[in-house]
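If you read the sequence from its start, that first residue is 1, and numbering goes on from there.
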Amino acid sequence: MKSSLTLHEIKLKLENFCAYQERCHQEVIQKMRGMAIDSNIIDEIVVYLIQNQFLNEERFSCSFARGKHRMKHWGKARIINELKARNISQTNIKTALKEITAEEYFTTFENLAVRIWENITEKNELKKRKKFCDYLLRKGFESQLVYEKVKELEKISN
């Protein structure tokens, strides 16, 4: 099935798609495949979007890292994995991680860890420890950081 839209209409749709929020190449290509656009036209449109600054993987990865850390409180490991899943280059991933200052990262980690520890109602210490560690590891924080924090919080609560 071919798309019934003209090349100009497709470009306008994708300009709006990219202007609404930062997108990676993979998202834009998926969108075009969903619109049943021919693969050689997809390449042409991607080049057009890059040349006109609608599509920029470095800008996307920086915005993604900042947003996921500040809004969803993701750690660096989770951010790296999610960017890799979107086929973002290693160079852009490194650049994106520089968007998160060490101070901001540790403040977020501390606040999240304390809040989670206080909210776990589990009476069994081992189960509480496991729930705490599992949660922070899923969020993408480094295991060494998580295990040091759980030891610190256990000392305080005992």
Side-chain angles (χ1 to χ4, degrees), residues 10-35 37 39 42-43 45-122 126-157:
I10 293 169
K11 284 181 181 177
L12 282 176
K13 259 187 187 299
L14 290 163
E15 284 175 6
N16 290 332
F17 182 66
C18 294
Y20 175 73
Q21 137 187 345
E22 288 295 338
R23 309 283 181 179
C24 65
H25 295 194
Q26 184 179 319
E27 288 173 313
V28 173
I29 291 168
Q30 262 180 322
K31 174 87 170 166
M32 285 190 275
R33 285 192 181 128
M35 295 165 70
I37 295 172
S39 58
I42 288 177
D43 295 339
I45 292 173
V46 168
V47 168
Y48 166 81
L49 292 170
I50 292 169
Q51 287 172 342
N52 290 286
Q53 295 299 308
F54 286 102
L55 207 50
N56 182 322
E57 293 241 299
E58 183 178 340
R59 196 173 61 207
F60 166 79
S61 51
C62 289
S63 170
F64 183 88
R66 271 192 319 272
K68 295 301 181 186
H69 179 70
R70 291 182 184 151
M71 305 306 275
K72 292 196 173 199
H73 309 297
W74 284 5
K76 289 181 179 178
R78 175 101 185 250
I79 292 169
I80 290 168
N81 288 337
E82 293 290 334
L83 287 171
K84 281 181 182 176
R86 288 167 174 77
N87 297 322
I88 304 298
S89 72
Q90 201 59 45
T91 311
N92 285 338
I93 291 173
K94 284 180 184 169
T95 305
L97 292 177
K98 290 177 187 168
E99 293 287 310
I100 305 166
T101 64
E103 184 183 330
E104 178 186 10
Y105 189 73
F106 290 112
T107 301
T108 300
F109 174 75
E110 286 290 320
N111 294 339
L112 184 63
V114 169
R115 191 178 81 226
I116 295 307
W117 185 258
E118 290 171 353
N119 286 338
I120 297 175
T121 56
E122 184 64 57
L126 285 175
K127 285 183 179 177
K128 181 174 183 171
R129 176 179 236 234
K130 181 175 178 3
K131 285 182 180 183
F132 175 82
C133 292
D134 286 352
Y135 180 83
L136 289 172
L137 291 171
R138 262 194 323 276
K139 281 285 192 177
F141 290 98
E142 294 78 359
S143 54
Q144 155 218 347
L145 213 65
V146 172
Y147 296 134
E148 284 173 13
K149 190 66 183 172
V150 78
K151 286 176 189 169
E152 178 189 318
L153 290 169
E154 282 177 333
K155 284 180 187 172
I156 294 170
S157 62

**Fill in**
The residue among K131, K149, K128, E152 that forms side-chain contact (heavy atoms from CB on, under 4.5 Å) with W117 is K128

**Request:** Would you mind reporting whether V47 and D43 have side-chain heavy atoms less than 4.5 Å apart?
**Result:** no

**Pairwise distance CG(L49) to CZ(R23) - rounded to 0.5 angstrom** = 11.5 Å

**Prompt:** Under a 4.5 Å cut-off applied to non-hydrogen side-chain atoms, are V46 and M32 in contact?
**Reply:** yes

**Asked** Of the non-hydrogen atoms in L136 and A113, which two are nearest, and what is the gap between them?
**Response** CD1-CB, 4.0 Å

**Centroid-centroid distance, Y105 to F141, less than 6.0 Å** = yes

**Prompt:** Counting only heavy atoms not in E103, do more than 12 fall under 6.0 Å of its CD?
**Reply:** no

**Item:** side-chain contact (heavy atoms from CB on, under 4.5 Å) partner of F60, chosen from E27, H25, Q21
**Value:** E27

**Asked** What pairs with E82 under salt bridge (Lys or Arg N to Asp or Glu O under 4.0 Å), at least two apart in sequence or on another chain?
**Response** R78, R86

**Request:** Quick one: closest heavy-atom pair of L55 and C18, and the distance?
**Result:** CD1-SG, 4.1 Å

**Prompt:** Going by heavy atoms in the side chains, are I100 and I79 under 4.5 Å from each other?
**Reply:** yes

**Request:** Measure the CG-NE2 distance between L97 and H69 for me, rounded to the nearest 0.5 Å.
**Result:** 10.5 Å

**Complete:** In short, Q26 meets A85 closest at the heavy-atom pair OE1-O, 3.3 Å

**Minimum heavy-atom distance between E154 and R129, given as atom pair plus value** = OE2-NE, 3.0 Å

**Message:** Can you confirm whether Y48 sits close enough to L14 that some side-chain heavy atom of one is under 4.5 Å from a side-chain heavy atom of the other?
**Reply:** no

**Request:** Start with the C-alpha gap between L112 and R115, add the side-chain angles, then the distance that decides, and say whether side-chain contact (heavy atoms from CB on, under 4.5 Å) holds.
**Result:** CA-CA 5 Å; L112 184 63; R115 191 178 81 226; 3.3 Å; yes

**Message:** Filter on salt bridge (Lys or Arg N to Asp or Glu O under 4.0 Å), then keep only pairs touching residues 135-145, sequence neighbours left out; what's left?
**Reply:** none

**Message:** Is there a side-chain contact between R66 and M71 in this structure, where contact means two heavy atoms from C-beta onward sitting under 4.5 Å apart?
**Reply:** no

**Prompt:** Taking C-beta and beyond as the side chain, do C24 and I88 meet within less than 4.5 Å on heavy atoms?
**Reply:** yes

**Fill in**
R59 and N56 have their tightest heavy-atom pair at N-OD1, 3.0 Å

**Message:** Using 0.5 Å steps for rounding, measure from the CZ atom of F132 to the CG atom of N119.
**Reply:** 11.5 Å

**Item:** Heavy-atom side-chain proximity of I80 to W74 below 4.5 angstrom
**Value:** no

**Request:** Could you tell me whether the side chain of I93 reaches within less than 4.5 Å of the side chain of S61, counting heavy atoms only?
**Result:** no

**Asked** About how many Å separate CG of D134 and NZ of K127, when rounded to the nearest 0.5 Å?
**Response** 13.0 Å

**Item:** Under 3.5 Å side-chain donor-acceptor pair for E57 and N92
**Value:** no

**Prompt:** Nearest 0.5 Å, what's the NZ-NZ distance between K151 and K155?
**Reply:** 8.5 Å

**side-chain contact (heavy atoms from CB on, under 4.5 Å) assessment of K31 paired with K13** = CA-CA 10 Å; K31 174 87 170 166; K13 259 187 187 299; over 6 Å; no

**Message:** Rounded at 0.5 Å granularity, tell me how far CD1 in I10 sits from CD1 in I37.
**Reply:** 4.0 Å

